[in-house]
Amino acid sequence: MTEFDLFSSNFDTTEQLVAGLNPQQRAAVEYRGPALLIVAGAGSGKTRVLTHRIAHLLAKKEAWPSQILAITFTNKAAAEMRERVQHLLGEAADGMWIKTFHSACVQILRRESARLGHDANFTIYDSGDTRAILKRLIRDTAADIHKLTPAAVASIISNAKNELADAESYARNIDQSDPAARVIAEIFTSYQAELRRNNAFDFDDLISETVHLFRAFPDVLEQYQNKFRHILVDEYQDTNHAQYALIKELAAKASLTVVGDSDQSIYAFRGADIRNITEFEKDFKNATTILLEQNYRSTQNILSAANAVISNNFDRPAKNLWTAEGDGEKIVGYTGYSAHDEAQFIADEIDALHASGIAYRDISVMYRTNSQTRALEDIFIRSALPYRVVGGTKFYERQEIKDAMAYLVAIANDRDDLATRRILNVPKRGIGDATETQLASFASKNGLSIRQALAEVDQLSFGPKITTAIKQLAELLQQAQLAIETDSVDAILRSVLEKSGYLESLKTSRDPQDEARVENLEELVSVAREFQRNNPDGNLTDFLNEVALVAAADDIDDESGTVSLMTLHTAKGLEYDAVFLAGIEEGLLPHRMSFLVPGGMAEERRLFYVGITRARKKLHLSLAMSRTTYGDTEGSIPSRFLQEIPASLIDWRESGAGRGLPQYRPSIAESQSYRSQPASASSGYGGTPSNKPKTEWKGAISSVRNNEGLQLAVGDQVEHADFGRGKVIAVAGEGAKQTAEIHFGSAGKKRLLVKVAPIEKL
DNA sequence: TTAGATCGCGCACCG
DNA sequence: CGCGATCTAA
């Protein structure tokens, strides 16, 4: 190839990379300078801009792949970005760092762990681990007299770390006359000591310790400063101070591109500071800002609703999303009598959308709190709707999975007392509290970890049964540790589950839950096998790191063909043809916990805004007139945010919302409790509610029902607990998965899972 | 030490 | 309501 050929093919590639972009997008791809802020409204093509910008840098040979650092919000987004860059370049661009903040920091910390007094095989503690340690420390320091809960202390420590304060600087800045504050400082110090002894970092440490590492060891920082010539950060509005500091340190010699939208900042509770984006231009000399306002995702009706809602947040730079695609359909509103009624509406509507050709995977139901999934799942199961709860009660938070993982952690990191403690008596070995305490005090007297102390059991005077049990456990862990070098991760896991007797104890147990636990453990073995296949060189610690850093959104399987249920937080960055926002009520969205938090209401509004802007074509807003929480039922009031959407954009269906239902009335203090609002008839906030009568739900869903053996045929008459009398018009599937389509008079046509539906054949 | 029963208390969002 | 902590009996 001649030099000319090289040049021309390069030229073609770079031209192609900006072809089809709008002028602002093109500018964002082509701009070169020390600092660039891309203010990217929802759906404005920011991922496209980011990937094209990276590909553009590589194609023009302005950077090698290894000189690029791109920070994304989730691992899934990172994988997608890598794929898209490869696709654009037509070749793999190995060596690029495309990672989340946490995984980038883990990589740096593992390399430099010795400088911080850790080993490279350190454990990453999640918030549950943190609380478990704090619980013990609170008990030991008798801190409970100050009414300190593990969660409260965890939150204080987390906030401090997000501000880059360590235990020492925290202690220096407290009010010394406040005994509770002094106890907290003391616990903070012991907590850090325990993490160090256990060779562990918590989530917040991953970021803050990396910053401390850079500040304490300029030679390390310089290495990375010299490595990365281009740093790109996505979702910049959600960075906290520690993350900001990390970027600031790393980018001193590099070109920095950040992408964000202050209207989508929804992580203040974990320290996200909106000022990082609003003050970017002050922060970074010679910074340029490019605004992307054209939306390629949603219809104009959806965007108008979003714009109207977000304009109620004051003190924000004006921004107006627009689309060239036309108005589209109206937003659909629905007010149910109960959460189950609301869920039934959603299920029916999804059925109709699916019948009209929208795939299940292009539909999502979003909500403020995870507890809202219960009613939705109840109804979806009965309606035989294929769905998946994204995140939720996570796989890795199940007891049996945590137990199995604790074995692996204890094997990989023999300094980790938390993990060893967890498995000491799992399965039951007769090692109870008393034995554990003795082991722990022996360990601390001799400067050993608990796992190391197990091997010295002869020096303790336990009975023969306990001594044998401890020796077996010590031997098992020791053998498994030796196997790290030679065996695959899944082989180690399988062997430990068997040799420990854990699997056996679940299989022979009488607890019906344990059957499912065995299946979950099999699932975990597959996860390990899959990991090993994708990472042939990955070792046990790599596997543990990967598992520790999975995010809810990483869990989404685009090919699954199911409706996705998720929280509004998880939904950030995603988009669907049809979106259902459920529970748009005072107390839920905005959430009651936000009422007293400064800036809380504005953040709730942004959350609603994020939800609205996830929808491409169809948006549904729903609420329930009464909601059961904690076992008791209370009336609810439509969210104030609904009034912020122009009435002409919403088509309220079968709604009792406008009539007889108490309305939210703005008060002087936005923070006033909604309960104090007087109920009143009102003018309604959207459209004319219909007068159609509707079926009322009679109380809660009954528990497990079993219609096994019920034979239904077309033409049969049935009686349904909620919908009344109906006629079977179609039957599909067999056995437990059999569904029947039944026409009920006023309630309309429903598809039900025969096995669980509350129906009787007449 | 364990299993089983009872008590009481908390109500977001997450890597 | 549902979980985890605590109590009680074997």
Side-chain angles (χ1 to χ4, degrees), chain A residues 71-78 99-106 124-132 135 139 144 149-152 154-155 158 161-162 201-207 235 238-240 242-243 265-272 366-372 374-375 390-394 396-397 399 424-425 427-436 463 465-466 469 509-511 545-555 566-572 583 587-595 597 600 603-604 606-607 610-611 627-634 700 703:
Chain A
I71 301 283
T72 59
F73 204 67
T74 62
N75 297 297
K76 185 167 179 277
K99 291 166 176 292
T100 64
F101 270 107
H102 290 88
S103 61
C105 287
V106 166
I124 300 165
Y125 283 167
D126 64 23
S127 38
D129 298 329
T130 296
R131 274 197 304 267
K135 200 164 92 189
R139 203 170 40 216
D144 26 350
T149 63
S155 147
S158 172
K161 288 181 175 180
N162 288 336
F201 290 117
D202 68 20
F203 268 123
D204 301 308
D205 282 339
L206 296 178
I207 315 291
E235 308 284 7
D238 283 320
T239 50
N240 60 34
Q243 290 164 330
S265 170
I266 54 173
Y267 280 102
F269 72 90
R270 64 178 201 209
M366 300 168 186
Y367 36 79
R368 181 66 174 87
T369 67
N370 278 307
S371 62
Q372 288 170 258
R374 207 162 296 149
V390 178
T393 311
K394 283 185 232 124
Y396 293 103
E397 282 168 17
Q399 179 191 296
L424 271 183
N425 203 29
K428 301 265 183 288
R429 305 185 167 87
I431 304 177
D433 276 352
T435 312
E436 180 184 329
K465 218 175 116 196
I466 290 178
S509 139
R510 290 180 288 121
D511 186 339
N545 280 347
E546 182 166 297
V547 168
L549 298 179
V550 291
D554 295 335
D555 195 36
M566 66 187 82
T567 65
L568 287 163
H569 283 89
T570 300
K572 195 182 65 164
L588 259 186
L589 186 67
H591 196 276
R592 45 172 70 68
M593 300 297 276
S594 72
F595 292 169
V597 181
E603 175 133 332
E604 296 292 305
R606 289 194 291 270
L607 204 43
V610 166
R627 198 166 283 275
T628 306
T629 3
Y630 268 138
D632 47 26
T633 305
E634 282 181 348
S703 52

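Values in this document were obtained by computation on a predicted structure and should not be read as measured data. Quick note on labels: first sequence line is chain A, next is B, and so on, each numbered from 1.
- Counting only distance, with no hydrogens or angles, the side chain of A/Y367 and the backbone of A/M566 share a donor-acceptor pair below 3.5 Å.
- In this structure, NZ of A/K99 is placed 17 Å from P of B/dG15, rounded to the nearest angstrom.
- Sequence order on DNA chain B of the closest nucleotides to A/R429 and A/S127 puts A/R429 first from the 5' end.
- The CZ atom of A/F595 sits 13 Å away from the P atom of B/dA12 (whole-angstrom rounding).
- In this entry the distance linking NZ of A/K76 with C1' of B/dC14 reads 17 Å, nearest Å.
- Of the possible donor and acceptor atoms, one in the side chain of A/N425 sits under 3.5 Å from a partner among the backbone N and O of A/I431.
- Judged purely by atom type and a 3.5 angstrom limit, A/H569 uses its side chain to pair as donor or acceptor with the backbone of A/I266.
- Using a 4.0 Å heavy-atom distance criterion, A/A434 is classed as a sugar-phosphate-only contact.
- Relative ring orientation between A/F73 and A/Y267 is described as tilted, the plane-to-plane angle lying within the 30° to 60° band.
- Atom CG in A/L588 sits about 11 Å away from atom P in B/dC13, given to the nearest Å.
- The residue A/Y267 sits close only to the backbone: its heavy atoms come under 4.0 Å of sugar-phosphate atoms, none of a base.
- Residue contacts for A/E604: at a heavy-atom cut-off of 4.0 Å it reaches a base atom on one of the strands shown.
- Between A/G430 and A/N162, the residue anchored nearer the 5' end of DNA chain B, judged by the nucleotide with its closest heavy atom, is A/G430.
- Under the 3.5 Å distance criterion, the side-chain polar atoms of A/Q243 are matched with a main-chain donor or acceptor of A/N240.
- Of the listed nucleotides (B/dT1, B/dA12, B/dC14), B/dA12 has the atom at the smallest distance from the side chain of A/R368.
- Checked by atom type and distance alone, the side chain of A/N162 never pairs as donor or acceptor with a backbone atom of A/A242 at under 3.5 Å.
- Using modelled atom types, no side-chain atom of A/E436 and backbone atom of A/L424 make a donor-acceptor pair closer than 3.5 Å.
- For A/T435, taking side-chain heavy atoms from C-beta onward, the closest of the listed nucleotides B/dA12, B/dC14, B/dT1 is B/dT1.
- Residue A/T435 comes nearest to A/G430 through the heavy atom pair OG1-O, 4.4 Å, listed as atom of the first residue, atom of the second, then distance.
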Expected rows: protein N/O vs nucleotides 3-10 of chain B N/O, under 3.5 Å:
unit_1	atom_1	unit_2	atom_2	d
B/dG4	OP1	A/R510	NH2	3.4
B/dG10	N9	A/Y630	OH	3.2
B/dG10	N3	A/Y630	OH	2.8

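- The aromatic ring of A/H591 is stacked on the base of B/dA12, with the two ring centres less than 5.5 Å apart and the planes inclined by under 30°.
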Could I get a table of every N or O pair under 3.5 Å where one atom is in the protein and the other is in nucleotides 4-6 of chain C?
unit_1	atom_1	unit_2	atom_2	d
C/dA5	OP1	A/K135	NZ	2.1

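- Taking every side-chain heavy atom of A/A551 into account, B/dG15 is the closest of B/dG15, B/dT2, B/dC13.
- The closest donor-acceptor contact from the side chain of A/R368 to the backbone of A/P590 lies at 3.5 Å or more, if one exists at all.
- Judged by distance alone, the side chain of A/N75 and the main-chain N or O of A/D554 form no donor-acceptor pair under 3.5 Å.
- For the OP1/OP2 pair of B/dG15 and a distance below 4.0 Å, the side-chain nitrogens and oxygens of A/N240 include no atom meeting the criterion.
- One atom, CG of A/D433, and another, P of B/dT2, lie 9 Å apart when rounded to the nearest Å.
- Contacts of A/T567 with the nucleic acid, taken as non-hydrogen atoms under 4.0 Å apart, involve only primed sugar atoms and P, OP1 or OP2.
- Among the atoms of the strands shown, base atoms are found under 4.0 Å from some heavy atom of A/D204.
- When distances are taken from the side chain of A/T629 to each of B/dG15, B/dC11, B/dC13, the shortest belongs to B/dC11.
- Rounded to an integer number of Å, the gap from CE of A/M566 to P of B/dG15 is 12 Å.
- Rounded to whole Å, the separation between the P atoms of C/dG4 and B/dC13 comes to 15 Å.
- For the pair A/N370 and B/dA12, the criterion of a side-chain N or O lying under 4.0 Å from OP1 or OP2 is not met.
- Within the 4.0 angstrom heavy-atom criterion, no nucleotide atom of any strand lies near A/T74.
- The backbone N or O of A/S265 lies less than 3.5 Å from a partner atom in the side chain of A/R606, making a donor-acceptor pair.
- Straight-line distance from the NZ atom of A/K465 to the C1' atom of B/dT2: 11 Å, rounded to whole Å.
- Between the CG atom of A/D126 and the C1' atom of B/dC13 there is a distance of 16 Å, given to the nearest Å.
- Across B/dG15, B/dA12, B/dC13, the shortest atom-to-atom separation from the side chain of A/M593 is found for B/dA12.
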